Amino acid sequence: MVIKEEILHSVGAITRHYQPSEVIFNEGDIPKYYYQIVHGEAKLNNYTDDGKEVIQTLLEDGQSIGESLLFLDKLYPVNAVAITKCSVLRLPKAIFLDLIKLYPEISFNMNKTLSQRLYFKLIMAQNLSSQNPAAKLKVLMDYLKSFQKEQSPYSFMIPLTRQQMASLTGLCVETAIRTIKVMEKKKIVKIKDRKILY
DNA sequence: TCATTAAAGTTAT
DNA sequence: ATAACTTTAATGA
């Protein structure tokens, strides 16, 4: 969690509720608020000209949404959309920036968050250019698994749908599915009632 | 080789 | 029930 919820409340953050697929902000909107997910799952996405979804980031409890734009004078380059029902704390940008100046711990956490996002982007950037589908999926899974304590084979259930994995790696779902099956044959993953174990 | 299209089965809401 | 997700197969770049 980037900022303690009590602090956010105490400086006037309000809780907003979103239904699945409800928009939190749109590409092109002016960034005016800091958002932090209390509970739920959301994503940052774009659409290619032919309508295919590209997922930039998946976000869950405790994570902030689109925070990098609060330090810039730019419009949002992505949409933020709730995946599940979400409750989100929302704080005006100016107050957020004051918090950053006031509390070293919050500032540090924000640096950490931004570094985290940058790291993910670097890893995924390498991935999107070149590479075969199996390598792309493996890089994604390695990244996800890197947060787990348990590192033994097949101990990690990938918390994504094949659809989401495809949208994160720029593959079409069918290719993702076929590739995952090949990876199962090669003992890279196991599949237990449709769930991917890595 | 991978994307696309279509069609159908499965799961979640 | 309906929508979202998964799977298979055929076809084309």
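Order of the sequence lines sets the chain letters (A, B, ...), proteins ahead of strands, with each chain counted from 1. Being a predicted model, the structure only gives us computed values, none of them experimental.
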Ion pair check, K43(A) and E53(A), cut-off under 4.0 Å: yes
What is the distance from NZ of K85(A) to P of dT13(B), rounded to the nearest Å? 12 Å
Within-4.5 Å side-chain heavy-atom neighbours: L59(A) and E41(A): no
Does a side-chain N-to-carboxylate-O contact under 4.0 Å join K145(A) and E150(A)? no
Of residues 167-180 of chain A, the positions that come close to DNA chain B - non-hydrogen atoms, cut-off under 4.0 Å: G170(A), L171(A), C172(A), E174(A), T175(A), R178(A)
Parallel, tilted or perpendicular: which one describes the rings of Y35(A) and F25(A), with boundaries at 30° and 60°? tilted
Strand-adjacent residues in residues 154-166 of chain A, judged by heavy atoms under 4.0 Å from DNA chain C: T161(A), R162(A), Q163(A)
Given atom CD1 of I83(A) and atom C1' of dA3(C), what is their separation to the nearest angstrom? 16 Å
Are any non-hydrogen side-chain atoms of F71(A) and L114(A) less than 4.5 angstrom apart? yes
So what does P133(A) hit on the nucleic acid, given a heavy-atom distance under 4.0 Å: a base, only sugar-phosphate, or nothing? sugar-phosphate
In whole angstroms, the gap separating C1' of dA3(B) from NZ of K52(A) amounts to 8 Å
For the pair made of CG in D49(A) and P in dA3(B), what is the distance, rounded to whole Å? 15 Å
Are the side chains of I180(A) and L137(A) in contact, using a 4.5 Å heavy-atom criterion? yes
Report the distance from atom CD of E53(A) to atom P of dA4(C), rounded to the nearest whole Å. 12 Å
Rounded to whole Å, how long is the line connecting atom NZ of K181(A) with atom C1' of dT6(C)? 8 Å
Is the distance from the ring center of Y198(A) to that of Y154(A) below 6.0 Å? no
Test item: E22(A) side-chain N/O and Q19(A) main-chain N/O as donor-acceptor pair under 3.5 Å: yes
Integer-rounded Å distance: dA3(B) P and N132(A) CG: 11 Å
With side chain to side chain donor-acceptor pair (under 3.5 Å) as the criterion, how do Q56(A) and N45(A) come out once you've worked through the C-alpha distance, each side chain's angles and the decisive distance to 0.1 Å? CA-CA 5 Å; Q56(A) 301 293 345; N45(A) 71 6; over 6 Å; no
